[in-house]
Each structure stands twice: as structure tokens, then as C-alpha cells.
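These notes are about the structure you will find just below.
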Number of protein chains: 2
Amino acid sequence: MLASIDTRISSLTEVEVASPESLVINPTAERKGVAGGPCATCSAHNQAICSGLKDQELEEFARNVRTRLVKTGQSVYREFEEAKYLYSVVTGEIRLANLLDDGRRQVTAFKSAGEVIGEEKNGYYQSDAEAVCDTVVCQIPIKALDKFLTEMPSIQTALTAKVLDELLALRRHAILLGRKTPIEKVATFLINRAGKASGNPSNEIQVELTMGRNDIADFLGLTIETVSRTITKLRKMGLLEVPSNHSILIKDRAWLKSLAEGEK
Amino acid sequence: MLASIDTRISSLTEVEVASPESLVINPTAERKGVAGGPCATCSAHNQAICSGLKDQELEEFARNVRTRLVKTGQSVYREFEEAKYLYSVVTGEIRLANLLDDGRRQVTAFKSAGEVIGEEKNGYYQSDAEAVCDTVVCQIPIKALDKFLTEMPSIQTALTAKVLDELLALRRHAILLGRKTPIEKVATFLINRAGKASGNPSNEIQVELTMGRNDIADFLGLTIETVSRTITKLRKMGLLEVPSNHSILIKDRAWLKSLAEGEK
DNA sequence: CGGCTATTTGAGAGAAATCAAGGATAGTGG
DNA sequence: CCACTATCCTTGATTTCTCTCAAATAGCCG
């Protein structure tokens with residue numbers, strides 16, 4: 001699955017000449033005659049807010065959206081910027097972050113395929129959204145969205161569910177930030193990643209990290225050194241192997257999970 | 001304003017014989033013949049999700065809701081409990097909290113008049129909701145709400161706005177928990193309270209705390225001792241006076257605000 | 001291969017948690 | 001109304017962690 005994402009991204013990247021900052025592709029231009037239009041064949045379709053749409057609605061939806069390639073480190077939008085679009089992540093990964101004036105940063109979430117970003121307050125985005133790796137997002141104009149919400153109830157429902165999911169995720173994250181130890185934080189992070197990564201319930205599982213230690217530290221409310229030391233500690237306990245900086249092999253998922261919950 | 005709340009609560013408390021656990025009052029029984037029904041005269045009406053309703057809609061709304069007195073320490077609902085109602089706070093204050101298995105607690109928000117609680121995920125509440133002090137809530141059955149959402153668009157709009165507000169508040173709280181120092185945390189807490197408390201932009205302002213130090217500690221991700229020491233420190237800096245445990249006088253709001261943002 | 005960046009590791013300082021009393025406050029019942 | 005008790009809050013001493021500062025190592029890109 002990761003391989004197919006990589007393929008998709010690099011093929012898109014090659015077209016990237018068109019716009020050095022961020023590539024905009026009109027999906028209607030890509031495929032014609034497919035039932036449901038181009039969105040029907042989107043790799044994120046099944047997990048996205050458009051998944052409940054019928055063929056005809058989906059075609060209408062497709063006419064209103066654009067996909068956009070956001071390269072590593074580039075931002076999709078910034079906090080306090082006027083919110084004109086809602087986005088759905090297609091491939092890759094986005095980090096949402098908030099900053100203090102002196103540069104301290106808190107990453108509040110990593111968002112991947114099918115997830116929605118772009119929440120606003122009084123018309124302005126609530127946080128910075130930046131690509132952790134080369135990422136494709138689906139850009140939905142707020143104006144078009146308003147129409148969809150009334151005409152296509154399944155979008156309303158799906159969107160509400162996504163927002164409530166995000167609320168819950170933030171609550172879970174709050175208890176992590178405020179009350180968990182570094183080991184519990186890192187264990188929770190890895191377990192959540194493993195859950196995202198596959199349905200394989202086996203005790204050993206490979207986790208791919210798109211982000212660097214810095215992002216992990218800012219996500220968990222730690223310094224980069226503490227993250228590094230904690231991973232080392234888990235490795236020396238025999239819980240992990242670290243084949244590369246961006247990949248971690250969990251040797252004992254159940255044990256790691258119990259650590260994540262604070263059972264010592 | 002606080003005085004009027006107290007009056008209201010104690011008058012309700014006296015009726016409390018009816019139900020030792022939590023008093024249920026049918027507002028339709030209270031007043032008749034008022035345009036908009038009993039909800040029109042609700043002290044929280046202007047800030048609540050029902051504020052945009054016309055008289056007739058409001059009467060329909062009133063027929064479907066009940067008010068409920070929740071005494072100090074009692075819970076409105078618990079995490080993982082089936083979500084049958086959405087609530088709007090009328091008077092008093094509710095704390096939302098999540099727990100770890102070993103009892104560690106993170107308070108994610110304090111909710112007062114006009115604010116909504118009861119967010120769910122797959123039909124189950126996301127956190128514990130408990131009364132910080134004697135509190136009156138308006139109980140809206142989810143089933144009735146679903147009907148309102150389609151028939152009264154202003155409710156849909158208001159509710160969406162409330163949820164987005166909550167998302168933003170949680171993001172702000174995440175950066176507080178993950179990246180702020182104890183002084184910044186306490187200063188932020190007090191400044192936010194002061195903002196809630198009044199429109200008085202003067203430099204000196206009185207803040208009423210309904211909750212104890214324990215709740216503040218669990219809200220800010222600190223121990224109770226650190227909260228206490230930090231308040232003492234701010235007091236000795238001449239920034240605060242503490243006339244009673246539940247009341248704090250901010251002597252220099254601008255200075256406190258600059259501390260809250262991390263400017264040293 | 002060389003330079004750049006990311007990550008790991010080490011030593012030391014500082015800060016908040018923990019452990020332990022002591023003091024204030026509020027609510028209860030005489 | 002006041003004494004009494006339970007709870008809450010503050011303060012002090014000590015310990016433990018995590019951060020900070022510093023440097024070495026590893027990985028990556030051209």
C-alpha cells in the first residue's frame with residue numbers, strides 16, 4: 001500500500017513543473033466516462049466524506065473539487081488565514097500545529113488519507129497545516145461545500161462524524177500531554193500508528209513514520225532528546241527494533257499497549 | 001450576575017425533595033402564555049443554541065427539553081455511557097474530564113452558561129461531565145434534536161459553531177499542556193476566566209473560581225502543589241490578590257496576559 | 001566522497017513531583 | 001452561636017525527571 005502511494009506521488013511530482021509551489025490538477029480532466037467520475041477511483045474515496053455519494057452526486061462533487069500536491073514542508077494553510085477551502089487528504093500526511101509567539105510549537109494531529117482538515121473559527125483557520133511528506137489533498141471550496149451539505153445529507157453526516165472524531169482525538173491527546181510519562185507518550189504514539197497502519201492483529205508489527213523526531217517531540221510535548229532516549233530505552237527493553245529513522249518494528253504489541261495505558 | 005445565579009440555584013435546591021439524585025423540571029409547567037414559551041425567559045437563552053429561534057419554534061423546542069439540577073460533584077453523564085441527550089448549561093459550571101485506568105485525570109474544559117456538552121462518538125459520550133458547583137442544565141433528547149437540526153437550520157448552524165469553538169479551545173489547550181510553563185499555564189487560565197467574566201477592559205478585575213485547586217491542577221496538567229505555589233508566586237509579584245480560595249483579584253491584567261503568552 | 005541535517009548520547013542544572021506537615025476554611029451538629 | 005471535624009489549601013524539604021547544553025555519530029543528498 002505504501003508502495004502504491006509512493007508511485008502515485010512520484011508520478012505526480014514529475015508533472016510538478018506546472019506550478020513550483022503547489023500543483024493543481026483538475027480531476028475532471030484526468031478520466032472521463034467512469035461512473036461517479038474521477039472521484040470514484042480516488043484512492044482515499046472509501047474513507048473520505050464523499051464515500052456515501054451516489055454516482056451522479058459524486059460526479060457533481062468532482063466538478064467542484066481540485067487536487068493539489070503539497071510537497072514536504074510546504075503549508076496547505078496557516079492559522080489566522082481566511083478559510084476558503086476544506087481539504088480531504090488523499091495520500092501522504094499533514095501535520096496540524098499551533099505556535100506560541102516565541103516559536104514553541106504544539107502539533108495537535110497528523111492527518112492521513114480520508115481525513116479532513118481545514119476547520120475554521122469565524123472564517124479563519126485554527127492552525128497551521130503542513131505536509132510532513134509529499135502529500136496530495138483534495139480541495140473543496142467552502143461555498144460549494146455549503147451547497148453539498150444541504151443537497152447531499154451523507155456529506156453532512158460524514159463531516160459531523162469526522163469533526164466529532166477529531167474532538168475525541170484531541171481529548172485523548174490532552175490526557176496524554178497533561179498526564180502521561182514520556183514512555184507512555186511514545187508507546188501511545190506508536191500503538192496508535194500501528195492501529196492506523198494495518199488490521200494485522202499479530203503481536204509484531206512494522207510502523208512507518210513519515211515524520212521526523214522533531215515532529216514527534218512537538219506532538220508529544222517532549223524535547224527531541226527525550227523522544228530519542230525513550231525510543232532507545234524501549235529498544236533496549238526488547239520492545240522495538242529501529243531498522244531506520246523512519247521505520248520502527250514493534251516486537252511486542254500487547255506489552256507496548258499496556259505501557260501506553262500506564263500499566264507498569 | 002453571580003448573585004442572581006445563586007438565588008436561582010438555591011430556590012431550585014429547595015424543591016429538590018422530588019428527586020435526591022437530580023431534579024427534573026418541565027419548563028412548560030412553569031410559565032404559560034409567554035411568547036416563545038419558557039425558553040424565551042431562560043437566563044442562558046441569548047448564548048445558547050436556541051437563541052436564533054423564532055417564538056413559535058422556541059415553543060416547539062421548549063416542549064421537547066427539560067431542565068435538570070445537578071448538585072456539586074454529581075455527574076451529568078460518564079464516558080462510554082450511551083449518549084441519549086445533548087445538554088446546554090443554564091447556570092453553574094460543568095467540568096469535562098477523561099481518566100486513565102490508574103486514576104490520573106485530565107480536565108479538558110469547564111463549561112458554563114450557554115455552552116453545549118454531550119458530544120459523542122458512535123453513540124457514546126466522550127468524557128465524564130460533572131458539576132463543579134450546583135448547576136442547572138437543559139436536557140435535549142438526541143432524537144428530538146435530529147428533527148430540530150433539519151427543521152430549524154439556526155440550531156444546526158449554532159451547534160456547528162459551538163463544536164468548532166470547542167475544537168479551537170482544545171487546540172489552544174493542547175499547546176498549553178504540551179508547551180507552557182506553570183506560570184504561563186496559571187496566567188492563561190486566569191486571563192481566560194477574566195475574559196469570560198466580564199467586558200470590563202480595566203486593568204484590575206475580579207475572577208470568581210467555582211472549582212477547587214484540584215480541578216485547576218487537573219485542567220492545567222500540574223499537581224495541586226504547583227498550582228498553589230504558582231499562585232503564591234504571582235501574588236508576591238504583586239499581580240494578584242487572593243481574598244478567598246474561590247476568588248482572585250487580578251491587579252494587572254495586561255501584565256498577566258503577557259505572562260500567559262510567554263513574554264518574560 | 002563530502003557536506004549537511006537528523007539523530008543519538010552524555011553530563012549537568014533546573015524544575016516540578018513527591019513526601020510530609022501545618023494552617024485555613026467550611027460545613028455539621030450540639 | 002460556637003466548637004468540632006473533615007476537607008482544602010499552603011508551605012517546606014527532598015527526590016526524581018526532564019530539559020538544556022554540548023558533542024559525536026549516523027544517514028542522506030548531491
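For clarity, every value in this text was computed on a predicted model and none was experimentally measured. Side chains are part of it too, since the values below use all heavy atoms of this structure and drop only hydrogens, waters and symmetry mates. Throughout, protein chains are lettered first and strands after them, A, B, ... in sequence-line order, and every chain is numbered starting at 1.
- Put simply, NZ on B:K233 is 10 Å from C1' on C:dA16, counting in whole angstrom units.
- We find the CD1-CD distance between B:I250 and B:E204 to be 10.0 Å, quoted to the nearest 0.5 Å.
- Listed nucleotides D:dT18, D:dT10, C:dT9 differ in distance to A:T232; the shortest reach to its side chain belongs to C:dT9.
- A straight line from CD1 of B:I183 to P of C:dA16 spans 9 Å, rounded to a whole angstrom.
- Electrostatic pairing of A:D218 and A:R213 does not count as a salt bridge here, judged by no charged N lying under 4.0 Å from a carboxylate O.
- Among C:dT7, C:dG10, D:dT10, the nucleotide with an atom closest to any side-chain atom of A:R229 is C:dG10.
- When the nucleotides C:dA17, D:dT11, D:dC19 are ranked by their closest atom to the side chain of B:S228, D:dT11 comes out on top.
- In this entry the distance linking NE2 of A:H246 with P of D:dG27 reads 12 Å, nearest Å.
- Rounded to whole angstrom, the span from the CG atom of B:N245 across to the C1' atom of C:dA26 amounts to 10 Å.
- For C:dA15, the OP1/OP2 oxygens have no side-chain nitrogen or oxygen of B:T181 closer than 4.0 Å.
- Dashed line: the shortest gap from a side-chain N or O of A:T226 to OP1 or OP2 of D:dC19 is under 4.0 Å.
- Between A:T223 and D:dC19 there is a side-chain N or O to OP1 or OP2 distance below 4.0 Å.
- No engagement by A:I231 is indicated, since no non-hydrogen atom pair under 4.0 Å with the nucleic acid exists.
- A straight line from CZ of A:R104 to P of D:dC19 spans 13 Å, rounded to a whole angstrom.
- B:R179 has no side-chain polar atom (N or O) that falls below the 4.0 Å cut-off from OP1 or OP2 of D:dC19.
- A straight line from CZ of B:R213 to P of C:dA26 spans 12 Å, rounded to a whole angstrom.
- The two residues A:R179 and B:L222 have their closest heavy-atom pair at NH2-O, 2.7 Å.
- No engagement by A:S244 is indicated, since no non-hydrogen atom pair under 4.0 Å with the nucleic acid exists.
- Summarising the geometry, the separation between CG on B:L220 and P on C:dA16 is reported as 13 Å, rounded to the nearest angstrom.
- C:dT8 atom P lies 12 Å from atom NZ of A:K236, rounded to whole Å.
- Toward the 5′ end of DNA chain C lies the nearest nucleotide of A:V242, the other residue of the pair B:E225 and A:V242 mapping further downstream.
- Summarising the geometry, atom CG belonging to A:L176 is positioned 10.0 Å from atom CG belonging to B:L177; distances are rounded to the nearest 0.5 Å.
- Looking only at distances, no side-chain donor or acceptor of A:S247 sits under 3.5 Å from a matching main-chain atom of A:P243.
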